[in-house]
Student: 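Structure below; questions to follow.
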Amino acid sequence: MLINSLSKRLRYGFAVIGVFLILLPKINIISVSGQTAGLRIDDLVMFFLFLVYFFLVLKEGKINAGLGYVLFCVYIMISTLVIVISGRPANFLYCIRLVEYFIFFVFGWCCFGRINIVNVFWLIFLCNACIMTLQTLGFIGGFSSEGYASSIPGRPIGLTGGPWEVGFLINCAYAVFRLSSAKYKNIIFLLTFIFVLITGARMPTLTHIIIFFMFEFYESKNKLLSLIVYSIFLSVLLFFLLAFDNPVADRSSNLFSMNNIDVFRDFYNSITITDNFVEFPEFPVEQDADMSWLMRVSKWAYVIKTWISSLGYIFFGVGVGTWGTALDGGWLRLLTETGLFGLFMFCVFLRNLINVMHMGYILVAVFSINMFMIDIFISYKSMAALLFICGYFVSASSSVKIYENYNSR
């Protein structure tokens, strides 16, 4: 493999840069009109490293497919080009971003054998936890793409662009900790769960609970008994989580209201789509419906109605980045922007993770659950962490028989 031919010093440098970029706040150097993300310091660094890496590709005539992710990137680049040729507007920024993320697979690959990934994610978790604590107490603000804000309204965001993003990073950190060792597993779960909970992000909170029980189920000797016990325990935990005062419960008072379905149906029937998307219509306001859901109603109704309006859209999508900065539904965005073909290719990438990584389905579960309500696959920090972990463990699995201590527990 090409990465194996890099010098030890260069591979160590790639690994350190990868960790640094995951920790680095997102700050625009040049803003792009109508977008929260513009040209950032990260882009300059990654572009330079791409030149270094692909120079070596040309020199040796080899390429690393990176678990099928590269093929997905090739597909979206071709589809974006077809959209431009057909005369429709296309957002190259999102296409470039998805291609850029691949470099984190390289970073992760280079990390194996040089820096322990458990230490990497302890660093990521502790840095974000410290910043989140100070933000919660009101001592400091946070960085967005527009720059530093002296105060954070509501939920802490750590070193990321939002509470959902830092929640996902903590999900990944917990998964790495449990994959590597079972020591102090309950303490680690409680520690990481507390910081996911204070974000108020519901999908990362749900994900954290589910992957905890996935690990416990995997380690149990009596699968049927453990399934029954953990199902009951999970139900009780969710009940108390929603019943008692906490950031997640505060945002979920109308989560299971039937009015949520009625609002979506009525809005879907009344909405009118246009040939060229400009902006989503204003969302309806209903006191007996979940506010987070209401914000999605206008977007999802418009997106679904547009997607099924054309056979070409159904198979090839409307184009990556068409729906702007936040659709708040990753699977729906992936399906409608890249079509059935794009969704299939991305699922092949996830399937490859399961095949080549020990307990890879845990990582896929972390990603997939969050994708229901969060645009994870276009999120910089989230995809950086995901691909970094993939690169590390794929490198490990191709070098040694990993996790023998895990299997022997």
Side-chain angles (χ1 to χ4, degrees), residues 14-16 18-23 67 101 104-130 132 158-160 165-196 199 203-205 207-219 350 352-354 356-370 376 379 381-407 409:
F14 268 43
V16 171
V19 177
F20 173 74
L21 289 178
I22 294 176
L23 288 170
L67 304 173
Y101 297 156
F104 283 93
F105 181 88
V106 179
F107 292 153
W109 185 283
C110 293
C111 187
F112 176 72
R114 283 144 193 84
I115 306 174
N116 191 317
I117 195 169
V118 176
N119 295 335
V120 168
F121 274 87
W122 270 118
L123 176 64
I124 292 171
F125 169 68
L126 292 175
C127 286
N128 277 285
C130 290
M132 290 169 67
L159 293 168
T160 70
E165 194 171 37
V166 72
F168 179 84
L169 286 186
I170 298 174
N171 290 159
C172 290
Y174 173 65
V176 169
F177 300 154
R178 283 298 303 268
L179 282 169
S180 302
S181 174
K183 292 182 179 179
Y184 313 111
K185 61 181 183 180
N186 293 329
I187 295 175
I188 291 174
F189 170 75
L190 290 174
L191 177 63
T192 53
F193 184 69
I194 288 170
F195 283 95
V196 172
T199 66
M203 294 313 296
T205 301
T207 301
H208 220 71
I209 295 171
I210 290 176
I211 60 176
F212 169 77
F213 286 109
M214 289 177 70
F215 277 117
E216 294 299 312
F217 178 77
Y218 176 81
E219 294 174 354
L350 296 180
N352 285 342
L353 295 186
I354 297 174
V356 301
M357 288 177 57
H358 177 76
M359 296 287 284
Y361 62 87
I362 294 288
L363 192 61
V364 172
V366 170
F367 177 82
S368 300
I369 298 169
N370 278 282
I376 288 296
S379 167
K381 297 287 187 183
S382 302
M383 287 302 294
L386 177 72
L387 289 168
F388 189 94
I389 297 171
C390 293
Y392 183 94
F393 287 134
V394 170
S395 177
S397 65
S398 64
S399 303
V400 295
K401 185 178 180 180
I402 59 172
Y403 303 130
E404 291 181 343
N405 62 323
Y406 192 94
N407 286 324
R409 289 187 303 211

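Residues: numbered from 1 along the sequence shown. The basis for the numbers below is simple: all heavy atoms, side chains too, and nothing from hydrogens, waters or symmetry mates.
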Student: State, yes or no, whether a side-chain contact exists between Y361 and Y218 at a heavy-atom distance under 4.5 Å.
Tutor: yes
Student: Considering only distance and modelled atom types, tabulate donor-acceptor pairs under 3.5 Å from the side chains of residues 116-130, sequence neighbours left out.
Tutor:
residue, atom, partner, partner atom, Å
N116, OD1, V118, N, 2.8
N128, OD1, L159, N, 2.8
N128, ND2, I124, O, 2.8

Student: Report yes if some heavy atom in the side chain of F193 is under 4.5 Å from a heavy atom in the side chain of I209; otherwise report no.
Tutor: yes
Student: Under 3.5 Å, which donor-acceptor pairs do the side chains of residues 166-174 form with other protein atoms, sequence neighbours left out?
Tutor:
residue, atom, partner, partner atom, Å
N171, OD1, N370, ND2, 3.2
N171, ND2, P204, O, 3.1
N171, ND2, H208, ND1, 2.9
Y174, OH, R178, NH1, 3.0

Student: Atom CD1 of I211 and atom CG of L179: how far apart are they, to the nearest 0.5 Å?
Tutor: 9.0 Å
Student: Write down the atom of M132, the atom of F195, and the distance for their closest heavy-atom approach.
Tutor: CE-O, 3.2 Å
Student: Compare every heavy atom of A15 with every heavy atom of C111, then report the nearest pair and how far apart it is.
Tutor: CA-CB, 3.6 Å
Student: Can you tell if the side chain of L353 reaches within under 4.5 Å of the side chain of L350, non-hydrogen atoms only?
Tutor: yes
Student: Distance check, rounded to the nearest 0.5 Å: I376 atom CD1 versus I369 atom CD1?
Tutor: 11.5 Å
Student: Looking at F217, I'd like to know if its CZ atom is crowded, meaning that more than 12 non-hydrogen atoms belonging to other residues, nucleotides or ligands lie closer than 6.0 Å.
Tutor: yes
Student: Atom CD1 of I354 and atom CD1 of I362: how far apart are they, to the nearest 0.5 Å?
Tutor: 10.0 Å
Student: Measure from the side-chain N and O atoms of S368 to the backbone N and O of A365, and report whether any donor-acceptor pair falls under 3.5 Å.
Tutor: no
Student: For the rings on F388 and F104, is their centre-to-centre separation under 6.0 Å?
Tutor: no
Student: Without swapping roles, check the side chain of E165 against the backbone of S379 for a donor-acceptor pair under 3.5 Å.
Tutor: no
Student: Distance check, rounded to the nearest 0.5 Å: L191 atom CG versus I188 atom CD1?
Tutor: 8.0 Å
Student: Kindly say whether L21 contributes a backbone atom to a donor-acceptor pair with the side chain of K381 at under 3.5 angstrom?
Tutor: yes
Student: Has T192 got a side-chain atom pairing as donor or acceptor with F189's backbone, closer than 3.5 angstrom?
Tutor: yes
